[in-house]
There are 2 protein chains.
Amino acid sequence: MNLQNEVLDKRRLVRLKQIKEVLKLYLQKKNYRNTPERYMILEEIYLLDGHFNVDDLYLIMLNKKYHVSKATIYNTIEMFLDAGLIRRHQFGEKNNISTSYEKSYFDMQHDHLVIYKQGSDREIVEIIEFCDPRIQQIKTSIAEAFGVEIENHSLYLYAHRKNES
Amino acid sequence: MNLQNEVLDKRRLVRLKQIKEVLKLYLQKKNYRNTPERYMILEEIYLLDGHFNVDDLYLIMLNKKYHVSKATIYNTIEMFLDAGLIRRHQFGEKNNISTSYEKSYFDMQHDHLVIYKQGSDREIVEIIEFCDPRIQQIKTSIAEAFGVEIENHSLYLYAHRKNES
DNA sequence: TTCATTGCAAAGCGTTTGCAGTCAC
DNA sequence: GTGACTGCAAACGCTTTGCAATGAA
């Protein structure tokens, strides 16, 4: 068990190093500067599990040693999106639409099953990630049918738990 | 040609009458009041083709005889969503995410292919509606796999036109 | 030294809220 | 007559912007 955790921690560190390398190359290519803020924000995002929003990130970094302004976080997130280091999500369909993000570099593209609390159309109790190959088939068909190149997609399924009876 | 237009206009009028009946029944069931504003907004939405946002609707109604406040439009749209009379969309993925709506009563559920201007990740040039049966299959599989009831989904494909060369 | 980047505070913008007046029932 | 609904203006929350100060190259 301890050994397993050690292995996981080691892998996490290796990945942190890799992802910073990816950022470095991106900054180089774009002729942007290597600021410590950018690397700290990237590190924080890649230490996080699951989804986060700008405020989450801001507060987490406040509680640690490193203070970064929200303006910088917004700018940096925009850049990371462009770099493909993170993805943006809009969970919630009715209203209470909230923007969140997740790291994307090591993960495969996946979609989301959003489960609402019983009797509510707004309160989300769980978000499950899934991957179905048929979505790729759809993309291929539609790309061919309309003569376009599809770079990207977003699929959300909205559900409630089945009534146990 | 004239005859054809007349037929189309007649059909449109019949549908307007039908959809107002649907609203009336909904209001009855929910014990809400039959205000002229609600019927005017519904009529305006069902005369429109394609997608609209709150501001569009507000301005269109200003330019006609009927003035309705934005607060009322927001309230009413919330109600229409609940009634299933309209659907909400969030087009645009990177940023410039904008909320829009479309009538939904007579249309079948469909998905959207969002085409960006060449070289831009933000400027949308066209939104094509499509319908692929495989999405239904995915919903059925996922519902079964996770033991949930899927009420709804949203699928957007993001694309650029192919380079003609 | 230079200019991209940061941080702060102010501005923007779409949406919501509070409340007084209105009108459906 | 009563309370649901409307309209207005103010408030809200998230995001962007302007600008002076900083620090990477």
Side-chain angles (χ1 to χ4, degrees), chain A residues 20 23-42 44 51-59 61-62 65-83 86 88-101 121-122, chain B residues 20 23-42 44 51-62 64-83 86 88-101 121-122:
Chain A
K20 286 183 183 175
L23 175 57
K24 193 176 159 191
L25 290 172
Y26 173 84
L27 294 173
Q28 238 161 49
K29 198 183 72 188
K30 292 274 189 171
N31 259 62
Y32 295 156
R33 292 187 175 170
N34 281 295
T35 69
E37 287 79 6
R38 288 169 178 171
Y39 286 94
M40 285 311 296
I41 293 170
L42 185 71
E44 220 45 69
H51 306 102
F52 62 92
N53 61 35
V54 170
D55 221 57
D56 294 338
L57 201 52
Y58 177 74
L59 291 175
M61 296 189 76
L62 252 195
K65 57 282 163 188
Y66 217 87
H67 170 71
V68 185
S69 75
K70 281 197 185 179
T72 300
I73 294 182
Y74 276 106
N75 287 335
T76 306
I77 273 186
E78 216 52 53
M79 204 188 77
F80 286 0
L81 280 172
D82 179 63
I86 58 176
R88 190 201 296 270
H89 291 292
Q90 297 278 131
F91 293 116
E93 23 139 46
K94 286 284 157 70
N95 25 29
N96 94 313
I97 290 160
S98 66
T99 302
S100 62
Y101 306 86
D121 275 342
R122 306 187 176 205
Chain B
K20 285 182 183 176
L23 175 57
K24 194 175 157 193
L25 290 173
Y26 172 84
L27 294 174
Q28 241 162 44
K29 196 183 73 187
K30 292 275 192 173
N31 260 63
Y32 295 156
R33 292 188 173 169
N34 281 294
T35 68
E37 286 81 5
R38 288 169 177 171
Y39 286 95
M40 287 310 297
I41 293 171
L42 185 72
E44 221 45 69
H51 305 103
F52 62 92
N53 61 35
V54 169
D55 222 56
D56 294 338
L57 201 52
Y58 177 74
L59 291 175
I60 288 169
M61 297 189 76
L62 254 195
K64 296 200 177 177
K65 56 282 161 187
Y66 216 88
H67 170 71
V68 184
S69 75
K70 282 198 183 175
T72 299
I73 294 182
Y74 277 106
N75 286 334
T76 306
I77 273 187
E78 215 52 52
M79 202 187 78
F80 287 0
L81 280 172
D82 179 63
I86 58 176
R88 189 201 296 270
H89 291 293
Q90 297 278 130
F91 293 117
E93 24 140 43
K94 286 284 157 70
N95 26 28
N96 96 313
I97 291 162
S98 66
T99 301
S100 63
Y101 305 87
D121 275 340
R122 305 186 177 208

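In what follows, every chain begins at residue 1, and chains take the letters A, B, ... in the order their sequences are listed.
- Note: CD (B/E37) to C1' (D/dA4) measures 12 Å, nearest angstrom.
- Of the candidates D/dC5, C/dT6, D/dA25, the closest approach to any side-chain atom of B/R33 belongs to D/dC5.
- Nucleic acid contact for A/N53: none, since no nucleic acid atom lies under 4.0 Å from a heavy atom of the residue.
- When only modelled atom types and interatomic distance are considered, A/Y101 and A/N53 share no side-chain donor-acceptor pair under 3.5 Å.
- Looking at heavy atoms from C-beta onward, B/K30 lies out of side-chain contact with B/M79 at the 4.5 angstrom threshold.
- Taking atom CG on A/L59 and atom P on D/dC14, their separation rounds to 11 Å, with Å as the unit.
- Closest to the side chain of B/T35, from the set D/dC5, D/dT15, C/dT15, is D/dC5.
- Rounded to an integer number of Å, the gap from NZ of A/K30 to C1' of C/dA4 is 16 Å.
- OP1 or OP2 of C/dT15 lies within a sub-4.0 Å distance of a side-chain N or O belonging to B/T99.
- For the pair B/E78 CD and C/dT16 C1', the computed distance is 10 Å after rounding to whole Å.
- Phosphate contact (OP1/OP2 of C/dT16, side-chain N/O of B/Y74, threshold under 4.0 Å): absent.
- Between the side chain of A/R38 and the backbone N or O of A/R33 there is at least one donor-acceptor pair closer than 3.5 Å.
- When each of D/dG7, D/dC5, C/dG7 is scored by its nearest atom to the side-chain atoms of B/R38, the top-ranked nucleotide is D/dC5.
- Inspection of the B/T76 and B/E37 side chains reveals no N or O donor paired with an N or O acceptor under 3.5 Å.
- Rounded to an integer number of Å, the gap from CD of A/Q90 to P of D/dC14 is 13 Å.
- OP1 or OP2 of D/dA25 has at least one side-chain nitrogen or oxygen of A/N34 nearer than 4.0 Å.
- A side-chain N or O of A/T99 and one of A/Q90 form a donor-acceptor pair less than 3.5 Å apart.
- Taking atom CD1 on A/I73 and atom P on C/dC8, their separation rounds to 12 Å, with Å as the unit.
- OP1 and OP2 of C/dC8 both lie 4.0 Å or more from every side-chain N or O belonging to A/S69.
- Listed nucleotides: D/dC5, C/dT5, D/dC8. Nearest to the side chain of B/H67: D/dC8.
- Here D/dC8 presents its C1' atom at 14 Å from CG of B/L62, a figure rounded to the nearest Å.
- Listed nucleotides: D/dT15, C/dT15, D/dC5. Nearest to the side chain of A/V54: D/dT15.
- For the pair A/K24 NZ and D/dA25 P, the interatomic distance rounds to 10 Å; values are reported in whole Å.
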